[in-house]
Amino acid sequence: MSRTDERYNVKETETKWQQEWDRRDSFVATVDSSRPKYYVLEMFPYPSGRIHMGHVRNYALGDVVARYKRARGFNVLHPMGWDAFGLPAENAAIERGVHPAKWTRENIAAMREQLKSMGLSYDWGRELATCEPEYYRHEQKMFLDFLKAGLVYRKESWVNWDPVENTVLANEQVIDGRGWRSGALVEKRLLSQWFLKITAFADELLDSLKTLDRWPDRVRIMQENWIGRSEGARLTWNLKGRGDQLEIFTTRPDTLFGAAFLAISPNHPLAGELAAGNPALAEFIAECNRMGTSEAVVEAAEKKGMDTGIKALHPLVPGWELPVYVANFVLMEYGSGAIFGCPAHDQRDLDFARKYNLSVKPVVLPEGADPATFQIGDEAYSGDGTLFNSGFLDGLDVVTAKARANDRIETDGLGERTVNWRLRDWGVSRQRYWGCPIPIIHCDSCGPVPVPEADLPVRLPEDVSFDKPGNPLAHHPTWKDVACPCCGKPARRETDTFDTFFESSWYFARYCSPTRDDVAFDRAAADYWMAVDQYIGGIEHAVLHLLYSRFFTRALKACGYLGVSEPFAGLLTQGMVCHETYKDEAGAWLYPDEVIKAEAGGLIHAQTGKPVSLGRSEKMSKSKRNVVDPAHIIATYGADTARLFMLSDSPPERDLEWTEAGIDGAWRYVNRLWRLTIIAADTLPPPGSVMPELGDAATKLRRMTHKTIAAVAEDLDRFHFNKAVARIRELTNALGDFKPAAAGDYWVLRQGLEAAALLISPMMPHLAEEMWAELGHSVPVVDTAWPLADSSLLVEDSVTIAVQVNGKLRATIELPKDCDATLAEQTALAQDAVITAMSGKAPRKVVVVPNRIVNVVV
RNA sequence: GCCCCGGUGGUGAAAUGGUAGACACGCCUGACUCAAAAUCAGGUGCUGAGAGGCGUGCUGGUUCGAGUCCGGCCCGGGGCACCA
């Protein structure tokens, strides 16, 4: 059998190199202050049972960065672990009777094996799982330290309550206002819960966004909007016939003379008080409270209100009385839970005013409008203009009017300027079992008391049952019974656990010293490795996870744990992996491998032969069955093929469409590179031999090789992985077309193949190793430096310049690089096509952009 | 509802305001083969016989020149604080 008939044995090759990297400890990271460090991190997975294509994409991206930086001489830290607490484990326990701990640990074991088959360059010695006491003991300590530092407090807050299951529901478990399992109408309930003072860092979290110059702009904008700093005023209104007052927050004090009503949140204390003597109002508030706690639901609901009958007295105009409404769109969490409405200049207020027949008085006149006739129709006017109908504010622009109104509010003692934040403190209590126990003991005499540090960790008991609804920790027979650490009397443990965002807010730092039992972080290791140089994960985490981590890092710094403020210096957000959807005649979703193409065209069911309808491409999800199992793809085509496809077609930020054709194409490329290598291997001069004299074709190929080396590095530096792959494919095509004859040809061919192997190695590490070995190298790619381009081979001496007439392309001309503009202009004007297009007219203007374009304007 | 992002050939996509469609998939034609697969060679935005014309979701603007910048809209996606 000739070598050209040899098949690339994927399984054998991939296993062989994975074992070899393992044997060499290639990816074990150690602190080495003599080398520049580079910390690459992909968002760790929730151990749901099997890896999905989203994981494959995320980890393929991370591995390219890790291997590339490694080859470029960085001391790379690239760890992996498990975000192992969470609701799905409890759902599995309820639905299938498996203990969350068992379910989670088995899932981790299965997924670890799947990840290992991908050939990722992880330092597996640093693996962690957040559900183990060795991990969560440290966050219990952190919580107690935050408590000491004044960053923790307790307050009442609303939860979704399922009255049938007697359980708190997550927002995703509330569907159309009903519990997902019970179907019962959900109620809001107040519970006493623990909060972290993220708002103490609001200013800093906002300002520091500016320093995160390697984050996508859109993520920074989203965080900025989420934090939501707004300048305005607190303003007190007297209530007619009552001794008390109502405090509102407004960002538009300039529109005070256009006020039509006041509105308070259904959860405002005043609303509660009034409801006591007003059954209709009580029912309205109850209706609002049936909406659940989700802001999306509240905001999307029809805007409704109810007049309380109370009148508020306008603070600037004596005798002016305004109605006070309870309105479902006013959030108790924002500002003071009360607003004034100016319908003319706020769309939501306008809709409300039209609905309840309230007056609409414009007070800001757009430029050019006539004050005598200007009216508000269906659209509120929120732009700039000149104040009118506004007493002492008349004639001012909006910015000045705001300042003047605020001055008046302050001098008259009606209120004061204030900065309000949309950001709310982080409620971390969860009434769940599968999470980290909150290290607090409740004593009737002493109140909430921290668990003494010597008693940490508070371990999650594993002998629990899920037979009864509610939190198993709460009805465990003995676990919660303890003596009060202060007074020794019988007391109860806190049965709430932490929000699982708690664990993911510091795991990145734990990787620096994952085996230290005594402390969360070895300070020297954390100082060396932190911050994460490149963090990679889904855009869905743009706000919450990333903001909590930024806050947590600051809180840890304040408590002396760490030296950095920002955890992630660089961020890459990847798009989703999508697939077409299929339905059978009955409308049931079908898996892609149940569907085949019919000979007559169209799609049919593989078994039944019945027609299948094709739906649009959507994010892969179990519920729609449009999933492809990575394990199956890796077993069939190998990890390199799967990785290449993930990287080659779409840019990382964009959604990726998974197709059979795409994976086939990647597979063919793997074989093509392999064949190219083995056919040539025996004919080439030995590695490292001196360059012979080169002919024209060889010189051309050599230039292309060097250009590719330069371009790929540039593409990888900017995470343009798809372009890097395209360039390597171009080089591959050139190598395939090249017919070597002279000694120099073979030398250049070797150089080209070696470059191809090294350049593709971050994407397809196994194939690259195999090619490299075939080319006669004994030191593996993993220990070989990244190739460098010879810059003298990158410059061209001539360029193709486009010639336009009135912006339309009419010709292209070949000219020496950086040639004189006059030469470019004259050559352009001499072109037949240009002369024709000018149809005898004289050029009015000629725009010459050196080395690019000549545009003749006639 | 609010915030953010995206929309370019049959498909995934390239393109510092400067030749739209690099690279690939698919398809078509040919070579090899008894045949198929694989492989190799050529073609492939739409339209037109051709010269040419038209083309980056729609619409208006800025510019010598717009996929790229600005305004308005349509469609799709992410997030909205207890999914992770």
Side-chain angles (χ1 to χ4, degrees), chain A residues 43 45-46 48 83 85-88 91 159-160 168-174 198 216-219 221-226 228 293-303 329 333 347-348 422-432 499-501 504 538-545 547-548 573 575-576 578 616-619 645 648-651 653-666 668-669 671-672 675 720 722-723 725-730 733 736 800-812 836 844-847 849 851-857:
Chain A
M43 291 180 183
Y46 179 79
S48 56
D83 187 14
F85 275 137
L87 269 185
N91 292 332
V159 294
N160 297 309
V168 176
L169 297 178
N171 282 335
E172 72 155 10
Q173 297 174 322
V174 179
I198 189 170
D217 285 341
R218 59 167 159 158
V219 176
I221 293 167
M222 280 190 265
Q223 293 219 349
E224 189 181 323
N225 292 337
W226 185 267
T293 61
S294 155
E295 190 181 314
V297 171
V298 173
E299 288 281 317
E302 189 192 354
K303 308 287 178 280
F329 57 84
E333 292 81 10
Q347 191 60 44
R348 194 174 56 185
R422 206 187 78 94
L423 181 68
R424 307 200 296 259
D425 277 334
W426 175 14
V428 294
S429 299
R430 295 293 180 272
Q431 297 69 42
R432 318 238 176 260
D499 177 4
T500 55
F501 275 124
S504 56
I539 185 66
E540 65 273 19
H541 294 293
V543 176
L544 291 180
H545 162 57
L547 193 60
Y548 288 145
T573 52
M576 299 176 302
C578 300
R616 66 188 172 84
S617 180
E618 294 184 59
K619 176 186 178 173
F645 177 49
S648 60
D649 268 5
S650 301
E653 308 80 24
R654 213 168 321 168
D655 288 350
L656 180 137
E657 171 78 9
W658 180 276
T659 60
E660 183 97 11
I663 194 74
D664 281 343
R668 276 204 296 277
Y669 181 64
N671 285 287
R672 185 168 143 78
R675 254 192 335 270
H720 293 176
N722 54 327
K723 285 167 66 184
V725 172
R727 296 201 195 270
I728 300 166
R729 279 193 191 253
E730 277 179 293
N733 289 342
T800 308
I801 293 175
V803 183
Q804 298 179 335
V805 176
N806 288 339
K808 282 202 169 194
L809 181 73
R810 295 299 171 181
T812 56
T836 311
R844 284 198 289 127
K845 184 177 176 184
V846 180
V847 181
V849 180
N851 300 325
R852 290 223 177 249
I853 207 161
V854 177
N855 188 13
V856 183
V857 186

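Each chain gets a letter, A, B and so on, in the order the sequences are listed, and its residues count up from 1.
- To the nearest whole angstrom, the two P atoms, one in B:G12 and one in B:G7, are 11 Å apart.
- Residue A:T500 is classed as a sugar-phosphate contact, given heavy-atom separations below 4.0 Å to backbone atoms only.
- Judged by closest nucleotide on RNA chain B, A:H720 is the one of A:G736 and A:H720 placed further toward the 5' end.
- A:R654 is not listed as a side-chain neighbour of A:N722, based on a closest heavy-atom distance of 4.5 Å or more.
- Remark: A:T293 engages A:N160, A:N171 in a side-chain hydrogen bond (donor to acceptor under 3.5 Å, both in side chains) (not counting sequence neighbours).
- Residues that satisfy the side-chain contact (heavy atoms from CB on, under 4.5 Å) test with A:R422, not counting sequence neighbours, are A:W226, A:E295, A:Y334.
- A:N806 comes within contact range of no nucleotide atom at all, as no heavy-atom separation falls under 4.0 Å.
- Think of the region where chain A sits on RNA chain B: with heavy atoms and a 4.0 Å cut, that region ends 5' and 3' at B:G1 to B:A84.
- Taking atom P on both B:C80 and B:C70, the two are 28 Å apart, rounded to the nearest angstrom.
- At a threshold of 4.5 Å between non-hydrogen side-chain atoms, the residues A:F501 and A:V428 do not count as touching.
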Next on the checklist: For A:Y669 and A:I728: C-alpha separation, side-chain torsions, deciding distance, then whether side chain to side chain contact (heavy atoms under 4.5 Å, CB included) applies.
Outcome noted: CA-CA 11 Å; A:Y669 181 64; A:I728 300 166; 3.6 Å; yes
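- Within the nucleic acid shown, A:K619 has no heavy atom closer than 4.0 Å to any nucleic acid atom.
- Between B:A22 and B:G61, the two C1' atoms lie 31 Å apart (nearest whole Å).
- Residues A:V297 and A:P651 both approach RNA chain B. Their nearest nucleotides, taken by heavy-atom distance, put A:V297 toward the 5′ side.
- Straight-line distance between the C1' atoms of B:C27 and B:U33: roughly 22 Å, to the nearest whole Å.
- If you check every strand for non-hydrogen atoms under 4.0 Å, A:R348 touches nothing.
- Residues satisfying the side-chain hydrogen bond (donor to acceptor under 3.5 Å, both in side chains) criterion with A:N733, sequence neighbours excluded, are A:R672.
- For the P atoms, the distance linking B:C69 with B:U47 amounts to 31 Å, nearest Å.
- A:W426 pairs by the ring pair (Phe, Tyr, Trp, His ring centres under 6.0 Å) definition with A:F502, A:Y548, not counting sequence neighbours.
- Taking 4.5 Å as the limit, every side-chain heavy atom of A:T659 sits out of range of all side-chain heavy atoms of A:D664.
- Using a 4.0 Å heavy-atom distance criterion, A:D83 is classed as a sugar-phosphate-only contact.
- A:F501 comes within 4.0 angstrom of a nucleotide base, judged by non-hydrogen atoms across all strands.
- When heavy atoms are screened at a 4.0 angstrom cut-off, A:V847 is found touching base atoms of the nucleic acid.
- Atom CG of residue A:N91 and atom CD of residue A:Q173 lie 6.0 Å apart, to the nearest 0.5 angstrom.
- With a 3.5 Å limit on both pairing distances and Watson-Crick or G-U wobble geometry required, the stems of 3 or more pairs in RNA chain B span B:1-7 with B:74-80, B:10-12 with B:23-25, B:26-31 with B:39-44, B:45-47 with B:52-54, B:57-61 with B:69-73.
- Counting non-hydrogen atoms under 4.0 angstrom, A:R852 reaches a base of the nucleic acid.
- As judged by a 4.0 angstrom heavy-atom cut-off over every strand, A:E730 is placed among residues touching the sugar-phosphate backbone only.
- Going from the P atom of B:A37 to that of B:G55 covers 41 Å, rounded to whole Å.
- Residue A:R668 is classed as a sugar-phosphate contact, given heavy-atom separations below 4.0 Å to backbone atoms only.
- Put simply, the side chain of A:V803 does not reach to within 4.5 Å of the side chain of A:R810, judged on heavy atoms.
- Among the atoms of the strands shown, only primed sugar atoms or phosphate atoms (P, OP1, OP2) are found under 4.0 Å from some heavy atom of A:N733.
- Looking at heavy-atom distances under 4.0 Å, A:H545 makes no contact with the nucleic acid at all.
- A syn base is found at B:G9: its glycosidic angle is within 90° of 0.
- B:G65 and B:U19 have their C1' atoms separated by 12 Å, with the value rounded to a whole Å.
- Comparing the P positions of B:U44 and B:G6 gives an interatomic distance of 32 Å, to the nearest angstrom.
- Atom CD of A:E224 is surrounded by more than 12 heavy atoms from other residues, nucleotides or ligands within 6.0 Å.
- Heavy atoms of A:V803 sit nowhere under 4.0 angstrom from any nucleic acid atom.
- Base contact: A:V159 has a heavy atom under 4.0 Å from a base atom.
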